[in-house]
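Here's the structure, in structure tokens; my notes come after.
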There are 2 protein chains.
Amino acid sequence: MDIQLKRGLLDVCVLAAIKNEDSYGYKIIKDMKPYIEMSESTLYTILKRLELAGMLTVRTSEHDGRLRKYYHITNAGLGRIQDFKNEWREVMCIYQFVTKEDK
Amino acid sequence: MDIQLKRGLLDVCVLAAIKNEDSYGYKIIKDMKPYIEMSESTLYTILKRLELAGMLTVRTSEHDGRLRKYYHITNAGLGRIQDFKNEWREVMCIYQFVTKEDK
DNA sequence: TGATATACATCGTATCACGAAGTATTGTTG
DNA sequence: CAACAATACTTCGTGATACGATGTATATCA
């Protein structure tokens, strides 16, 4: 998928991936794989960015002697998803503009 | 509109704006304004990029004593629009993933 | 005369996705 | 047991790119 097109989707995809239950990096990548692929470096960068922006909170917890960082969405994060939904109307107008056939 | 979301749309919007008839910078911005806004510096950068990529050709012509650069879409440019259309299926899947409500 | 519209160009900056590489631990399998 | 894959997270450098600021011209109009 076109990398530029991804840019507008990745952040909100990550938020969607933790919307229903807290999750951690490795799992997020696997859960999103059927929809959109991203490298680990990309994901962890995004998670840090979203944390800084207050869209999610982090909690470190041990699992099988290994540390895992669980991410939890905040109200701001849910709001971000809502904003995305609202903006989608504009996006669809643009899509129409680009793909409309002309006689 | 979110700048990251725009990134995936601008190139193909510009191509769409010259799809039916050759156009020039200033007019392209005005034609696209109802759908998507962009600064002049952005537009001219994009036009140069698309030309380099063989998606359009340029012809300079005088109009009222002033030079205008007319842009004409190539087959590669039309192909780019088609690719965008094809990719849109994936985009809609992602949209569903992000916005689906969960019981 | 001064503002506004038309028309294009250049430069520096900030954002961001990615590959490469690294660190650790836990299976798994030959 | 040795080698490798899977799990889990981190850091660094790079390239792409949208934008604001700024500059250059000419035409029109009040």
Side-chain angles (χ1 to χ4, degrees), chain A residues 1-15 17-18 22-33 35-53 55-56 58-71 80 84 87 90-91 94, chain B residues 1-15 17-18 22-33 35-53 55-56 58-71 80 84 87 90-91 94:
Chain A
M1 171 162 192
D2 176 55
I3 187 175
Q4 302 306 324
L5 214 42
K6 281 171 96 166
R7 285 176 104 102
L9 305 170
L10 282 178
D11 273 37
V12 90
C13 271
V14 170
L15 289 172
I18 61 168
D22 297 357
S23 188
Y24 54 95
Y26 213 75
K27 183 164 189 295
I28 293 170
I29 288 181
K30 286 209 297 183
D31 288 345
M32 293 186 15
K33 199 149 204 155
Y35 304 98
I36 193 167
E37 293 194 43
M38 61 195 315
S39 70
E40 294 177 52
S41 58
T42 299
L43 201 237
Y44 290 110
T45 304
I46 290 175
L47 287 168
K48 207 161 284 172
R49 185 163 71 231
L50 291 174
E51 188 195 357
L52 265 169
M55 307 264 176
L56 49 78
V58 193
R59 140 180 76 86
T60 302
S61 133
E62 197 168 319
H63 179 85
D64 287 340
R66 203 184 326 216
L67 287 182
R68 264 189 196 162
K69 293 177 92 169
Y70 281 90
Y71 298 90
R80 174 73 181 84
F84 174 79
E87 256 191 340
E90 273 179 75
V91 172
I94 294 165
Chain B
M1 172 163 192
D2 177 53
I3 186 176
Q4 301 307 322
L5 215 40
K6 281 170 95 164
R7 286 176 103 101
L9 303 170
L10 282 179
D11 273 36
V12 90
C13 271
V14 171
L15 288 172
I18 61 167
D22 297 358
S23 189
Y24 54 95
Y26 213 76
K27 183 165 190 294
I28 292 170
I29 287 180
K30 286 210 297 183
D31 289 345
M32 291 184 20
K33 198 151 205 158
Y35 304 100
I36 193 167
E37 292 193 43
M38 62 196 313
S39 71
E40 293 177 53
S41 58
T42 300
L43 202 236
Y44 290 109
T45 304
I46 290 175
L47 286 168
K48 207 162 284 174
R49 184 162 71 232
L50 290 174
E51 188 195 356
L52 265 169
M55 307 263 178
L56 49 78
V58 194
R59 140 180 75 87
T60 303
S61 130
E62 199 169 317
H63 180 84
D64 287 338
R66 202 185 329 212
L67 287 182
R68 262 190 197 161
K69 293 176 92 171
Y70 281 91
Y71 298 90
R80 174 74 181 79
F84 175 79
E87 257 190 340
E90 273 179 74
V91 172
I94 294 165

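Nothing here was measured: the structure is a model prediction, and the numbers come from that model. Labels below follow one simple rule: chain letters A, B, ... track the order of the sequence lines, proteins then strands, and each chain is numbered from 1.
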Only counting residues at least two apart or in another chain, list the ones meeting ring pair (Phe, Tyr, Trp, His ring centres under 6.0 Å) with B:Y44.
none
Donor-acceptor pair (no angle test) under 3.5 Å: B:R66 side chain, C:dT6 base
yes
Looking only at side-chain N and O atoms, does A:Y44 come under 4.0 Å of OP1 or OP2 in D:dC9?
yes
Whole Å only: how far is the NZ atom of B:K6 from the C1' atom of D:dT17?
12 Å
Can you tell me if the side-chain N/O atoms of A:Y24 get under 4.0 Å from OP1 or OP2 in D:dA8?
yes
Whole-Å distance between D:dA18 C1' and B:L5 CG?
14 Å
Rounded to the nearest angstrom, tell me the gap between atom CG in A:L43 and atom P in D:dC9.
9 Å
Could you tell me the separation between the CG atom of B:L47 and the P atom of C:dA7, rounded to a whole number of Å?
14 Å
Is B:K27 touching bases, backbone alone, or none of the nucleic acid, heavy atoms closer than 4.0 Å?
nothing
Just how far, in rounded Å, is P of D:dT7 from NZ of A:K33?
10 Å
Using a cut-off of strictly less than 4.0 Å, decide whether A:K48 has a side-chain nitrogen or oxygen near OP1 or OP2 of D:dC9.
no
Nearest to the side chain of A:L10, heavy atoms from C-beta on, is which of D:dC9, D:dT17, C:dC18?
C:dC18
Using a cut-off of less than 4.0 Å, is there contact between a side-chain N or O of A:R49 and OP1 or OP2 of C:dA17?
yes
Passing option when B:L47 is tested against B:I18, B:L56, B:T42, B:L52 for side chain to side chain contact (heavy atoms under 4.5 Å, CB included):
B:L56
Return each pair, listed once, that meets salt bridge (charged side-chain N to carboxylate O under 4.0 Å, His left out) where at least one residue sits in residues 40-52 of chain B; pairs must be two or more places apart or across chains.
B:D11-B:R49
Hey, which of these two, B:T42 or A:H63, hits DNA chain D nearer its 5' end, going by closest nucleotide?
A:H63
According to a strict under-4.0 Å criterion, is B:Q4 in side-chain N/O contact with OP1 or OP2 of C:dC16?
yes
What is the distance, rounded to the nearest whole Å, between atom CG of A:L67 and atom C1' of D:dT10?
13 Å
Which of these nucleotides, C:dA9, C:dA17, C:dG19, is closest to any side-chain atom of A:I3?
C:dA17
Separation of D:dA27 P from B:R68 CZ (nearest whole Å):
13 Å
Return whichever of A:K30 or A:S41 has its heavy-atom-nearest nucleotide of DNA chain D closer to the 5' end.
A:K30
At less than 4.0 Å, is any side-chain N or O atom of B:Y26 found next to OP1 or OP2 of C:dT6? Yes or no.
yes
How many whole angstroms separate atom CG of B:D11 from atom C1' of D:dC19?
15 Å
For residues A:Y70 and A:S61, report the shortest heavy-atom separation together with the two atoms involved.
CE1-OG, 3.8 Å
How far apart are the closest heavy atoms of B:I36 and B:C13, and which atoms are they?
CG2-SG, 4.0 Å
